[in-house]
Amino acid sequence: MESNFIYEAIEEDLRNGVYDKVQTRFPPEPNGYLHIGHAKAICIDFGAAEKFGGVCNLRLDDTNPTKEDEEYVEAIMEDIKWLGFKWGKVLYASDYFDQIHECAIKLIKKGLAYVDELSADEIREYRGTLTEPGKESPYRNRPVEESLDLFMRMTNGEFENGKMVLRAKIDMASPNLNMRDPVIYRILHARHHRTGDKWCVYPMYDFAHPISDTLEGVTHSLCSLEFEDHRPLYNWVLEALEFPKPSRQIEFARLNLNYTLTSKRKCLRLVNEKIVSGWDDPRMSTISGMRRRGYTPEAIRDFCERIGVSKANSVVDFALLEHCVRADLNKKATRAMAVLKPVKVIIENYPEDQTEEVFIEVNPELENSPVRPVPFSREIYIEEDDFMIDPPKKYFRLSPGAEVRLKGAYIIKCTSYETDENGKVTIIRCTYDSQSKGGNAPDGRKIKGTLHWVSAKHAIDAQVNLYDRLFTVPNPSDESDGKNLLDYINKDSLVVLNNCKLEPYLKDAKLGESFQFLRLGYFCLDKDSTEDKLIFNRTVSLKDSWAKISSKEENKNA
RNA sequence: UGCGGGAUGGUGUAAGGGUAGCACAAAUGACUCUGACUCAUUGUGUGAGGGUUCGAAUCCUUCUCCCGCAGCCA
């Protein structure tokens, strides 16, 4: 594991005896699904604990019952486990509500917090602006006893939402807005998914988080950059409460990935407006979406390792993620043959009723890769794109008079073809070199092109979903020119192919298994697949240098 | 015009006074029963100006630009 500025800071704390162990936490709010940005945070939080032999707890940050729900907790845990991380304990900020409440009372008694009866609007007005100081609330200096009494009555549910709040008494003239007497408790008559109706006051993040961290024994509380301004408050809370071993907050830049969205609000919109099929749509950058797409935990973790950790805002190239996925799958995926856009080839000199087995490697990346049988017969399917009537230069696939090798089988030569009224090729007629079984020419002649194929009478039918990036622009969050994410949806982000022909081996594919469909890409079974209707998802295509060459040639001719 | 951060090739990230490196991307070539993989090669960078120093991405200084902050959200 490579180091970074956070791990260096931790090492320094250990050296200086600030802490004698390392403990971290991953604190998602249970109000949505985890996405690739969370994956980075997870790798950093759990990675820090792992690196220093400490523990990382999962803590659900559930201080706002109006936004959170148990339904997300299960999904969050599944995603973390799937990524391959193990937490120490599962905790909830709500586990600490009693203690946090006591902390609030302690602050009031110390004269460091007061109940304010200003309305939300008034509080905003009194806060001042970025350049002007705020002014003190008229309730700011009310007697401790009065605040204490009011806070207890707030707690007992005597007041309606918004009637009053508990505020820390810090400095209304602070240049840091967060220090201008921040609200630390508000009245919320709402049922909490864990504590039920026990509470009608709930602590704010800024108050609950440092207390939860420290109570739990967290040494290093790692979070994203937008909390940098909150750190003075984080430290103030812990100092005011006189905790002997306060946690230390360190911030890092969150992940941005081009062509993708990592805003919960916007992802929710995609789901609600049915732009995608759900949170686990394979085009989503959610962990569950990537899982369904066929991305592996190893690839995602490798990606998080490679992007590094820093404090500079940046946008990582989606191509890096794809590279990590391909690199991992290349090592693991069993090779198989599937024809997505089939066109029939009839090998005229091959015996009508004959079937034989040919063999292809399970995975050439494996040392001494085992082989497995594939049935071959007189009629096969090949890919539409692998035949051209009038091929351009450098095209070494099939065309009239040309020879190609059928992967693992025979060398064939195109003798003729048939087309329909639209000029579309319907049947290709070939002869095969019976001496070339396995794919080697008896006279040693070089055959440049090798095609994948599927025996027509052995083929099984399947639906294949071709996924591509969901957005047409690198930054779908860009709302200048009055546009929004809906304007950037890639119409071709899902192409469903219903007439795909697979070799029979694929009938036994299992959920979670990855295959390389030879010359096409990596694919996995979709969770909606059934015995009667096989559905495969394309995880990522193979790199295609022919596509580059041919499009370049086209540009030249244009 | 407040406070807090940040700036290194196209992208991301190292170098902590001593040869600006790595990865992805791009390009070229080799290899190839996957136009994949692999291998080789190439180009492109320290935001700007001043200073300290034998020597500066790194230290000092001035400036520029970018990001975040005015929820009873997290």
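So you know, we letter chains A, B, ... as the sequences are listed, proteins then strands, and number each from 1.
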Spacing of the P atoms in B/U19 and B/G4 (rounded, Å): 34 Å
Side-chain donor-acceptor pair under 3.5 Å between A/Tyr33 and A/Asp79, yes or no? no
Check the surroundings of atom CD in A/Glu71: do more than 12 heavy atoms from other residues, nucleotides or ligands lie under 6.0 Å from it? yes
Is any N or O donor-acceptor pair between the side chain of A/Glu2 and the base of B/U13 shorter than 3.5 Å? no
Would A/Tyr92 and A/Glu68 satisfy side chain to side chain donor-acceptor pair (under 3.5 Å), going step by step from the backbone distance to the final call? CA-CA 12 Å; A/Tyr92 292 79; A/Glu68 295 141 10; over 6 Å; no
Is A/Arg254 atom CZ crowded by more than 12 heavy atoms from other residues, nucleotides or ligands, each under 6.0 Å away? no
Among B/G35, B/G2, B/A36, the one nearest A/Lys394 by side-chain distance: B/G35
Write down the distance separating the C1' atoms in B/A15 and B/A23, rounded off to the nearest Å. 15 Å
What's A/Lys407 touching, base or sugar-phosphate or nothing? Going by heavy atoms closer than 4.0 Å. base
What's A/Asn31 touching, base or sugar-phosphate or nothing? Going by heavy atoms closer than 4.0 Å. nothing
Interatomic distance, A/Asn330 CG vs B/U34 P [rounded to whole Å]: 13 Å
Apply side chain to side chain donor-acceptor pair (under 3.5 Å) to A/His452 and A/Arg335, showing your working. CA-CA 11 Å; A/His452 61 279; A/Arg335 312 289 129 125; over 6 Å; no
Any chance NZ of A/Lys437 has more than 12 other-residue heavy atoms, nucleotides or ligands included, within less than 6.0 Å? yes
How about A/Phe151 and A/His101: are their ring centres within less than 6.0 Å of each other? yes
Please measure how far the P atom in B/U46 lies from the corresponding atom in B/G10, and state the result in whole Å. 9 Å
Return the value, rounded to whole Å, for the distance between atom CZ of A/Arg335 and atom P of B/U32. 19 Å
Could you tell me whether the phosphate oxygens of B/U13, OP1 or OP2, come under 4.0 Å of any side-chain nitrogen or oxygen in A/Ser310? yes
Nearest-Å distance once atom C1' is located in both B/G9 and B/U1: 37 Å
Under 4.0 angstrom, heavy atoms only, what part of the nucleic acid is A/Arg231 near: base, sugar-phosphate, or nothing? nothing
Length of the CZ-P vector between A/Arg254 and B/G12, whole Å: 17 Å
Taking Watson-Crick (N1-N3 plus N6-O4 or O6-N4) and G-U wobble (N1-O2, O6-N3), each under 3.5 Å, can you produce the dot-bracket string of RNA chain B? Use [ ] for crossing pairs and | for inter-strand ones. .((((((..((((....[..)))).(((((.......)))))....(((((..]....))))))))))).....
Does B/G71 count as syn, meaning its glycosidic angle lies within 90° of 0, or as anti? syn
In whole Å, I'd like the distance from the CG atom of A/Asn363 to the P atom of B/A36. 16 Å
Within 6.0 angstrom of A/Lys163 NZ, more than 12 heavy atoms from elsewhere: no
Please report the C-alpha distance between A/Tyr205 and A/Phe227 in whole Å, then the side-chain angles of each, then the deciding distance to 0.1 Å, and finally whether the ring-ring contact (aromatic ring centres under 6.0 Å, His included) criterion is met. CA-CA 11 Å; A/Tyr205 167 87; A/Phe227 293 103; 4.9 Å; yes
When all nucleic acid strands are considered with a 4.0 Å heavy-atom cut-off, which category describes A/Gln516: base, sugar-phosphate, or nothing? base
Using the benzene-type ring in the case of Trp, are the ring centres of A/Phe517 and A/Phe523 under 6.0 Å apart? yes
Could you check if a side-chain atom of A/Phe26 sits within less than 4.5 angstrom of a side-chain atom of A/Ile80, using non-hydrogen atoms only? yes
How far does the P atom of B/A48 sit from the matching atom of B/U41, given to the nearest Å? 31 Å
Whole angstroms only, please: what is the NE2-P distance between A/His452 and B/U34? 13 Å
Taking B/G29 as the reference, what is the distance to B/C66 when you measure between their C1' atoms (whole Å, please)? 41 Å
For the side chain of A/Lys311, counting heavy atoms from C-beta on, which of B/U34, B/G6, B/G35 is nearest? B/G6
Does the protein touch nucleotides 63-74 of chain B at the base, only the backbone, or not at all? Give it as B, S and - per nucleotide, heavy atoms under 4.0 Å. ----SBBBSBSB
If each of A/Phe396 and A/Phe5 is mapped to the nucleotide of RNA chain B with the nearest heavy atom, which maps nearer the 5' terminus, i.e. the 5' end? A/Phe5
Candidate nucleotides B/G35, B/C37, B/G12, ranked by approach to the side chain of A/Tyr395 - the nearest: B/G35
For A/Leu542, report the nucleic acid contact type (base, sugar-phosphate, nothing); a contact means any heavy atom under 4.0 Å. base
Starting at atom CD of A/Glu365, determine the distance to atom P of B/C39, rounded to an integer number of angstrom. 10 Å
Without decimals, in angstroms, what is the distance between A/Glu228 CD and B/G4 P? 11 Å
Side-chain N,O (A/Lys448) to OP1/OP2 (B/U32) below 4.0 Å: no
Less than 3.5 Å between a donor and an acceptor, one on the side chain of A/Arg306 and one on the base of B/U13, is that the case here? no
If I take atom CG in residue A/Asn4 and atom C1' in nucleotide B/G12, what distance separates them, rounded to the nearest angstrom? 14 Å
Partner of A/Tyr432 by ring-ring contact (aromatic ring centres under 6.0 Å, His included), out of A/Tyr350, A/Phe376, A/Trp453: A/Tyr350
So which nucleotide from B/A7, B/U34, B/A36 ends up closest to the side chain of A/Ser545? B/A36
For A/Glu8, answer base if it contacts any base atom (sugar-phosphate contacts may also be present), sugar-phosphate if it contacts only those atoms, and nothing otherwise; contact means non-hydrogen atoms under 4.0 Å. base
Pick the P atom in B/G45 and in B/C22, then give their distance to the nearest Å. 16 Å
A/Thr450 side-chain proximity, nearest of B/C24, B/C37, B/U34: B/U34
Using the C1' atoms only, state how far B/U58 lies from B/U52, rounded to an integer number of Å. 13 Å
